[in-house]
Amino acid sequence: DQQVKQNSPSLSVQEGRISILNCDYTNSMFDYFLWYKKYPAEGPTFLISISSIKDKNEDGRFTVFLNKSAKHLSLHIVPSQPGDSAVYFCAALSNRDDKIIFGKGTRLHILP
Amino acid sequence: EPEVTQTPSHQVTQMGQEVILRCVPISNHLYFYWYRQILGQKVEFLVSFYNNEISEKSEIFDDQFSVERPDGSNFTLKIRSTKLEDSAMYFCASVGTRNSPLHFGNGTRLTVT
């Protein structure tokens with residue numbers, strides 16, 4: 001049962017352009033969403049989050065958009081840089097639970 | 001910046017053996033977690049721990065798994081009798097308050113042969 005879905009296993013984007021990573025969820029009880037970034041041989045690192053009371057949160061080059069009616073969120077990275085090449089995990093949390101549910105991840109390649 | 005540390009980075013064990021994966025969470029954190037990632041698959045929740053007891057566990061976390069906080073700093077995951085399908089990256093995480101972003105360690109790669 002995939003409550004958090006990242007349908008693109010990989011994505012390639014030219015350096016300097018915008019990277020858009022997508023995520024869908026099925027559980028309407030989720031009220032807090034996070035994006036994590038993971039390099040090989042390292043643990044996931046928190047990137048940015050958004051509460052369900054908002055539809056946008058911005059932090060530097062990173063912006064997360066939430067569309068609650070569509071149960072969809074996206075992460076925008078602009079401009080994309082070589083160091084952004086990593087696996088990006090979408091994750092969600094319900095106030096009732098004590099665990100974060102992760103998607104399968106999207107591998108982002110930034111091309112020179 | 002304080003970080004979650006995990007040891008060992010790689011553990012190889014034979015099927016049926018017991019393993020203990022160790023974690024030192026960030027010192028002032030109160031909530032502790034174990035997650036695992038089988039190669040090529042998603043990061044899966046195993047167990048959460050608060051106030052010296054398990055607060056939630058997944059169906060993966062069956063009787064062969066146990067967690068312990070034996071002293072004020074370490075948080076361990078024990079797998080009593082390992083199976084081939086236990087081979088995965090095991091990530092420890094901690095957080096100071098609920099619903100805050102988790103801080104993950106770099107993981108222990110467990111290989112069961």
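Within every chain, numbering begins at 1; the chains are lettered A, B, ... in the order of the sequence lines, protein sequences first and strands thereafter.
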Checking heavy-atom separations under 4.5 Å from chain B, one finds in residues 12-22 of chain A none

Provide the closest heavy-atom pair for A:G43 versus B:F91 in the form atom of the first, atom of the second, distance. CA-CE2, 3.5 Å

Greater than 12 external heavy atoms within 6.0 Å of [X]'s [atom1]:
| X | atom1 | result |
| --- | --- | --- |
| B:Q14 | CD | no |
| B:R109 | CZ | no |
| B:D71 | CG | yes |
| A:R107 | CZ | no |
| B:L39 | CG | no |

Which residue out of A:Y39, A:F46, A:F89, A:F102 racks up the most heavy-atom pairs below 4.5 Å with chain B? A:F102

Mark yes or no for whether A:Y36, through its side chain, and B:P101, through its backbone, hold a donor-acceptor pair below 3.5 Å. no

Okay, B:Q6 and chain A: the region with an atom under 4.5 Å from a heavy atom over there is neither

ILVMFWY cluster, B:L30 and B:F104 together (side-chain gap under 4.5 Å): yes

hydrophobic_cluster_shared for A:L75 and A:L11, side chain cutoff 4.5 Å: yes

Distance-only check: which donor-acceptor pairs under 3.5 Å involve side-chain atoms of residues 62-70 of chain A, not counting sequence neighbours?
residue: A:N67; atom: OD1; partner: A:S69; partner atom: N; Å: 3.3
residue: A:N67; atom: OD1; partner: A:S69; partner atom: OG; Å: 2.8
residue: A:N67; atom: OD1; partner: A:A70; partner atom: N; Å: 3.0
residue: A:K68; atom: NZ; partner: A:S52; partner atom: O; Å: 2.5

Let me confirm one number: the CD-NZ distance from B:Q37 to A:K104, rounded to the nearest 0.5 Å. 11.0 Å

